[in-house]
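Keep in mind that the numbers below use all heavy atoms, side chains included, and drop hydrogens, waters and symmetry copies.
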Amino acid sequence: QVQVVESGGGLVQPGGSLRLSCTISGGRFGINAMDWFRQTPGNQREMIASINQSGITMYAESVEGRFTISRDNAKNTVYLQMNSLKPDDTAVYYCYMVSDIGRYWGQGTQVTVSS
């Protein structure tokens, strides 16, 4: 019923930019926070950005200054603007919702940074 769907992944060259979107649907509930995680094969998922219901943001040191998380409440959408991308940013990126009815993962979207 509840759906958390990422989009916007793809192939980008080093130094390039990409914007990911996460759209939430399927019910009426309160959202406490929206997070972006990423994961590479054999590793745990890493939280890279978060925004809470007050609009306060947090970033992992690995992406701070390059990535920006934002939201559009009217569209039920959270964005991750990624600039100055590096090959090490290559990963599957996941949207994660913390709500008053539970916590939900998106399906993930692949981001590949390569020449």
Side-chain angles (χ1 to χ4, degrees):
Q1 190 70 30
V2 176
Q3 296 186 62
V4 179
V5 181
E6 305 99 330
S7 62
L11 176 64
V12 63
Q13 294 184 343
S17 297
L18 204 62
R19 188 179 75 163
L20 305 182
S21 299
C22 175
T23 300
I24 302 160
S25 63
R28 183 177 180 179
F29 46 84
I31 300 174
N32 296 315
M34 295 295 304
D35 305 331
W36 285 98
F37 285 71
R38 67 185 183 187
Q39 185 174 30
T40 55
N43 296 306
Q44 294 183 326
R45 289 185 188 181
E46 172 193 22
M47 181 184 289
I48 56 171
S50 178
I51 184 167
N52 70 8
Q53 61 183 352
S54 298
I56 299 172
T57 60
M58 296 188 298
Y59 299 94
E61 290 185 6
S62 58
V63 307
E64 190 167 15
R66 299 187 297 119
F67 291 11
T68 302
I69 187 171
S70 62
R71 67 184 182 188
D72 186 334
N73 291 335
K75 296 181 179 180
N76 294 319
T77 300
V78 176
Y79 303 97
L80 184 67
Q81 178 66 47
M82 304 186 294
N83 298 325
S84 301
L85 283 162
K86 307 172 181 179
D88 285 347
D89 294 320
T90 296
V92 178
Y93 284 71
Y94 296 90
C95 186
Y96 184 61
M97 179 179 72
V98 181
S99 75
D100 58 8
I101 62 168
R103 303 182 178 191
Y104 298 85
W105 290 100
Q107 83 288 349
T109 185
Q110 176 71 46
V111 173
T112 302
V113 184
S114 176
S115 298

Would you compute the distance between atom CD1 of I51 and atom CD1 of I31 and round it to the nearest 0.5 angstrom? 11.0 Å

Residue list, side chain to side chain donor-acceptor pair (under 3.5 Å) with D88, at least two apart or on another chain: none

Donor-acceptor contact present, side-chain R71 to main-chain Q53, <3.5 Å: yes

For residues S17 and N83, report the shortest heavy-atom separation together with the two atoms involved. OG-OD1, 2.9 Å

Verdict with reasoning, V4 to Y96, per side chain to side chain contact (heavy atoms under 4.5 Å, CB included): CA-CA 8 Å; V4 179; Y96 184 61; over 6 Å; no

Report the distance from atom OH of Y93 to atom CH2 of W36, rounding to the nearest 0.5 Å. 10.0 Å

N/O donor-acceptor pair under 3.5 Å between S99 side chain and I101 backbone: yes

Applying the side-chain contact (heavy atoms from CB on, under 4.5 Å) criterion to V111, which one of D89, L80, L20, T90 satisfies it? L20

Any donor-acceptor N/O pair, E6 side chain to C95 backbone, under 3.5 Å: yes

Nearest-0.5 Å distance that lies between atom SG in C22 and atom CD in Q3: 11.5 Å

Are V98 and I24 in one and the same hydrophobic cluster, where Ile, Leu, Val, Met, Phe, Trp and Tyr link if side-chain heavy atoms are under 4.5 Å apart? no

Applying side chain to side chain contact (heavy atoms under 4.5 Å, CB included) to S114 and not counting sequence neighbours gives L11, T112

Check the hydrophobic clustering (I, L, V, M, F, W, Y; side-chain heavy atoms under 4.5 Å; chains of links allowed) and say if V5 and I69 are grouped together. no

What heavy-atom pair brings R66 and L85 nearest, and what distance separates the two atoms? NH1-CA, 3.9 Å

Min side-chain heavy-atom separation W105-D35 under 4.5 Å: no

Looking only at non-hydrogen atoms, find the nearest pair between T40 and A91 and report the distance. CG2-CB, 3.8 Å

From CE (M82) to CZ (R38), nearest 0.5 Å: 9.0 Å

dist Y104:OH -> M34:CE (nearest 0.5 Å) comes out at 12.5 Å

In the structure I gave you, are the side-chain heavy atoms of Y94 and E46 within less than 4.5 Å of one another anywhere? no

Are the side chain of D72 and the backbone N or O of T77 linked by a donor-acceptor pair below 3.5 Å? no

Does any part of the side chain of F37, heavy atoms only, come nearer than 4.5 Å to the side chain of I48, both counted from C-beta? no

Partners of Y79 by ring pair (Phe, Tyr, Trp, His ring centres under 6.0 Å), sequence neighbours excluded? none

Cluster link V92 to L18, ILVMFWY, side chain under 4.5 Å: no

Would you say the side-chain atoms of R19 pair up with the backbone N or O of Q81, donor to acceptor, closer than 3.5 Å? no

